[in-house]
There are 2 protein chains.
Amino acid sequence: MRYEELIAQPCSITRPLTVLGDRWTFLVVKQAFAGVRRFDDLQASLGISRSRLADRLDRLVEHGILRREPYKDTRTRMEYRLTDKGLDLYPVLLAIRDWGDRHMAPDGPPVHYRHRDCGGEAHVHLACDRCGDELTARDVAPAPGPGAAEG
Amino acid sequence: MRYEELIAQPCSITRPLTVLGDRWTFLVVKQAFAGVRRFDDLQASLGISRSRLADRLDRLVEHGILRREPYKDTRTRMEYRLTDKGLDLYPVLLAIRDWGDRHMAPDGPPVHYRHRDCGGEAHVHLACDRCGDELTARDVAPAPGPGAAEG
DNA sequence: CCACTTGCGTCCCGAAACGGAACTCTGGTA
DNA sequence: TACCAGAGTTCCGTTTCGGGACGCAAGTGG
C-alpha cells in the first residue's frame, strides 16, 4: 500500500526504482543487453523461478522496456527484445558496472565493455552541461524543476 | 539459495545488484544523498517499516556504503552517512534520474541537479575512453577481462 | 528519586512475494 | 499416433515483508 504511493511521487529516481528495484527485474534487463532473449534461456541463466520470470517479463513489457515478438526458426517461439526505452537503460547498467569494478572486483574487471569502432573502453562520466567539468556528488545541489509537485 | 550464488559470480553488475537490488536499499541510499541521516527521518520519509530499515541499514554498513556515527546534539543519537564507496554511487543515481526524467516524467524533471559552481545541470554521459565519442548500447561490445573466471 | 519523552531499534503475527516442481497448451517431428 | 520442446500457468510450502506493540537507554522536569 504505502510502497505503491512512491510511484506516484514526482521523483525521477523513485519512479524507475518501483519498476526496476526488485531482486530480479534489472538482472533480466542485464541479460537482455547480453543478448539473452528467450524465456528458457533467461530462466536457466539467472536461476529465477519460471513463475517469477513470467511475471517480471510481463511488467517489463507493460512498462515498454521489453517487447514480446514471435521468433521464427522451425516453429513459433517468443523472444523478448529491448525497446528504445529499454536501450536507454544502458548508462545505468554501465554506471553500476563502473561501481562494481571499482568496489567489488578485487581481481580486476571481469568484463570489458569496448567501443566497437576503436576498441577503447566505455565508461560513464558525470559532467556539467554548461562548463563541462567532471563532477562528483559534492559538486551537485538539487533544485526544484518544472515537474515538481506544487506546494 | 540459488540467488545467493549470484553474488559469487564474477560480474560487476550482478554483484552490486545483490546488495542494492531490492525494494528499499537503493531508496535508502537516495535519501542519504538527499541528506537524510537519522533512523526516524529515513523511516518517515520512505514509509519503510522499522524492522526492514534496521536490516537494510545494517547491510549497507556491512558493505561499507554507509557508516554509523554517534551524533551529538543534547544526547547521543546515531546517524548514517555515506562513505566514499557510497558517494561513488552518485553516477548510478543520476543515470537512473536521467532515464526517469526522459521516460517517466511527463511534466518535466521534478528536480534539477545543478553544478554548485556554475549552475549548469549535471548529466551522465557514456563515452569511449580512447576516442572520446559519446556511445550508446549499440556501439559497445563486451570482452573478457582479467577478473573473469577461468575456463 | 521518579515519571515522562525521544531516538532507535527488536519482536511478533498476518499478508504478500517467492522458489520449485508439476501441469497445460501449442506446434512441430518421427 | 506418439513424442518432444518452448513457453508459460498452477499450486503449495517457505521466505520476506509491513506494521503495530514493545524494549531500552539517555536525557528532562519536577
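Reminder, nothing fancy here: chain letters follow the sequence lines and each chain counts from 1.
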Rounded to the Å, how far apart are [X] [atom1] and [N] [atom2]?
| X | N | atom1 | atom2 | answer |
| --- | --- | --- | --- | --- |
| A:E79 | D:dG8 | CD | C1' | 16 Å |
| A:L53 | D:dT10 | CG | P | 16 Å |
| A:R52 | D:dT15 | CZ | C1' | 12 Å |
| B:R59 | C:dG9 | CZ | C1' | 18 Å |
| B:D22 | C:dA17 | CG | C1' | 13 Å |
| A:D55 | D:dT9 | CG | C1' | 12 Å |
| A:L27 | C:dC18 | CG | C1' | 15 Å |

On the nucleotide [N], are OP1 or OP2 found under 4.0 Å from the side-chain N or O atoms that [X] carries?
| X | N | answer |
| --- | --- | --- |
| B:Y80 | C:dG9 | yes |
| A:W24 | C:dG19 | yes |
| B:R56 | D:dC17 | yes |
| A:R68 | D:dG8 | yes |
| A:R77 | D:dA7 | no |

When you get a sec, tell me which of C:dT10, D:dT9, D:dC17 is the closest nucleotide to the side chain of B:A54?
->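 Among the listed nucleotides, the one closest to the side chain of B:A54 is C:dT10.
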Which nucleotide in C:dA17, C:dG9, C:dC11 has an atom nearest any side-chain atom of B:M78 =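 That would be C:dG9.
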With a 3.5 Å distance limit and no angle check, can you tell me whether [X] reaches the backbone of [Y] through a side-chain donor-acceptor pair?
| X | Y | value |
| --- | --- | --- |
| A:H63 | A:R59 | yes |
| B:R114 | A:V140 | no |
| A:T25 | A:D22 | no |

Thinking salt bridges, do B:E79 and B:R81 make one under a 4.0 Å N-O criterion?
-> yes
B:R97/B:D101 ion pair, N-O < 4.0 Å |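 Salt bridge flag = yes for B:D101 with B:R97.
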Correct closest heavy-atom pair for B:V124 and B:A95 would be CG2-N, 3.7 Å
Contacting residues from residues 39-50 of chain B, given that a heavy atom lies under 4.0 angstrom of DNA chain D | B:G47, B:S49
Looking at B:Y90, B:Y80, B:F26, which one forms a ring pair (Phe, Tyr, Trp, His ring centres under 6.0 Å) with B:F33?
->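 Of the listed options, the one satisfying the test is B:Y90.
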Assess whether one donor atom and one acceptor atom, taken from the side chain of A:S51 and the base of D:dG8, lie less than 3.5 Å apart.
-> no
